[in-house]
Amino acid sequence: MSEEYTNPATIVLHTGHHGDETTGAVAVPIYQTTSYQFKNTEHAENLFALKELGNIYTRIMNPTQDILEKRIAAMEGGVAALAVSSGQSASMYSVMNLCRAGDNFVCSTNIYGGTWNLFANTLKDFGVECRFVDPASPSSFAEATDDKTRCYYAETLPNPKLEVFPIREVSDIGKSFGIPLIVDNTAAPIICRPFDHGAAIVMYSTTKYIGGHGTSIGGALVDSGNFDWESHGDRFPSLNQPDPSYHGAIWTEAVKPLGPIAYILRARVILLRDVGAATTPSNAFNTIQGLETLPLRMREHCKNAIMVAEYLSKHDKISNVIHPSVQVGNSKKLADTYLKGGFGAMIGCELKGGMESGKNFIDALKMFFHVANIGDTRSLAIHPASTTHSQLSTEEQLQSGVTEGYIRLCIGIEHIDDIIADLDQALALA
Ligand code: PLP
């Protein structure tokens with residue numbers, strides 16, 4: 001059976017697995033094993049020398065994980081993917097794969113707080129500098145670039161402002177310097193394919209929409225195969241110089257028989273080997289269950305979110321609704337350019353009554369879950385000023401887009417009437 005599917009709805013169900021070869025099992029099996037029997041010493045030697053690709057040890061690869069990777073790579077239009085234990089490890093690996101102590105990378109200021117901490121503090125302690133720039137001005141990426149800059153990093157649809165990142169504009173700037181753009185597409189799977197707009201690497205927290213059911217932490221990196229690491233050899237010593245930890249392998253050359261997978265292969269055989277943020281076979285299985293209905297769920301999430309944004313826009317206790325469907329000007333232009341088939345399911349709204357009103361609203365919700373998470377099938381809500389952003393000063397909160405009455409909603413796939421009924425009764429008490 002051909003696996004050249006192009007439709008995401010088919011890819012997520014069929015790519016990489018059409019019945020288990022041994023048992024005929026239709027669902028992807030959980031290969032709960034740490035290690036794999038080699039056929040003979042020659043086979044083992046070939047696997048270790050990467051003359052042949054195959055299973056060695058589950059810290060580095062696993063057949064359940066492999067199917068998840070193939071499906072995510074195909075869905076994104078990439079050449080290969082790497083599943084890891086969390087979104088955090090995916091963002092860490094995405095940068096570590098290119099940067100060494102003394103190097104820098106340029107990052108949008110509009111990113112998830114956990115990524116911010118990792119880049120601004122932890123990576124700094126390891127000698128890698130993150131230069132934050134305002135994505136509203138794509139040229140700021142060029143201004144922050146020097147000959148030690150190894151990559152650009154941004155999120156497609158970052159909350160709380162929900163302003164879509166100018167992927168094409170910044171990836172074009174990157175290409176003029178020979179610098180790849182890494183995009184965290186966690187909030188916009190299916191509705192945005194960053195590779196179609198020039199991004200080189202995509203990363204996901206699969207914990208969110210891809211897993212979808214709030215059961216399993218996970219992350220993934222996807223390689224577009226479209227970035228020419230060799231032509232910019234001096235910028236990427238980790239991929240173009242002999243690797244002393246792998247018999248002097250030069251990754252851009254070692255992959256020649258395998259395809260343009262230097263980036264993802266190095267992430268697997270060096271970073272996963274050495275740092276070991278491997279996903280478990282059962283979490284890979286859970287994530288596959290989510291992935292199989294992702295296109296269907298994203299449709300429902302996005303449809304419900306548009307209706308909620310409309311409802312909130314008309315409510316007299318709400319002063320402002322933040323969702324790409326109701327944006328205007330350049331923000332709307334970016335949303336229309338980069339999001340297809342929906343505007344995502346995160347919505348921000350500001351309650352006129354400020355802090356007290358925001359807290360009352362959250363406490364009055366009956367069906368929505370009050371959690372610090374996004375991308376669940378169920379509807380979720382949080383009041384950032386009293387929780388996720390409470391350690392910031394009022395000024396810092398405002399800079400990040402959080403006012404005292406700001407509520408973040410993440411609209412689920414329940415029936416729209418029940419979603420609006422819950423919001424309605426909570427707003428009456430806010
Ligand atoms: N990227 C984004 C956009 C996120 O929202 C999160 C988590 O909330 C992460 C990365 C980190 O993912 P994880 O919690 O799976 O480590």
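Atoms within each ligand, like the ligands themselves, are counted from 1 in listed order. Because only heavy atoms are used, hydrogens play no part in the values below, and waters and symmetry mates are left out as well, while side chains stay in.
Residues Asn304 and Met307 have side chains in contact (heavy-atom distance under 4.5 Å, counting atoms from C-beta outward).
The shortest heavy-atom contact between Leu339 and Ala188 is CD2-CB, 4.3 Å.
Of the listed residues (Thr252, Val255, Leu265), just one forms a side chain to side chain contact (heavy atoms under 4.5 Å, CB included) with Leu239, and that residue is Thr252.
Within the structure, the side-chain hydrogen bond (donor to acceptor under 3.5 Å, both in side chains) test picks out the following pairs touching residues 284-293 (sequence neighbours left out): Arg71-Glu292, Ser216-Asn286, Thr293-Arg297.
By the side chain to side chain contact (heavy atoms under 4.5 Å, CB included) test, Asp146 pairs with Asn104, Arg131, Lys148, Thr149, sequence neighbours left out. Gln241 pairs by the side-chain hydrogen bond (donor to acceptor under 3.5 Å, both in side chains) definition with nothing, not counting sequence neighbours.
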Once you restrict both partners to nitrogen or oxygen, which atoms of ligand 1 have a protein partner under 3.5 Å, and how far apart are they?
{"residue": "ligand 1", "atom": "1 (N)", "partner": "Asp184", "partner atom": "OD2", "Å": "2.7"}
{"residue": "ligand 1", "atom": "8 (O)", "partner": "Lys208", "partner atom": "NZ", "Å": "3.0"}
{"residue": "ligand 1", "atom": "12 (O)", "partner": "Ser205", "partner atom": "OG", "Å": "3.1"}
{"residue": "ligand 1", "atom": "15 (O)", "partner": "Gly87", "partner atom": "N", "Å": "2.9"}
{"residue": "ligand 1", "atom": "15 (O)", "partner": "Ser205", "partner atom": "OG", "Å": "2.8"}
{"residue": "ligand 1", "atom": "15 (O)", "partner": "Thr207", "partner atom": "OG1", "Å": "2.6"}
{"residue": "ligand 1", "atom": "16 (O)", "partner": "Gly87", "partner atom": "N", "Å": "3.1"}
{"residue": "ligand 1", "atom": "16 (O)", "partner": "Gln88", "partner atom": "N", "Å": "2.9"}

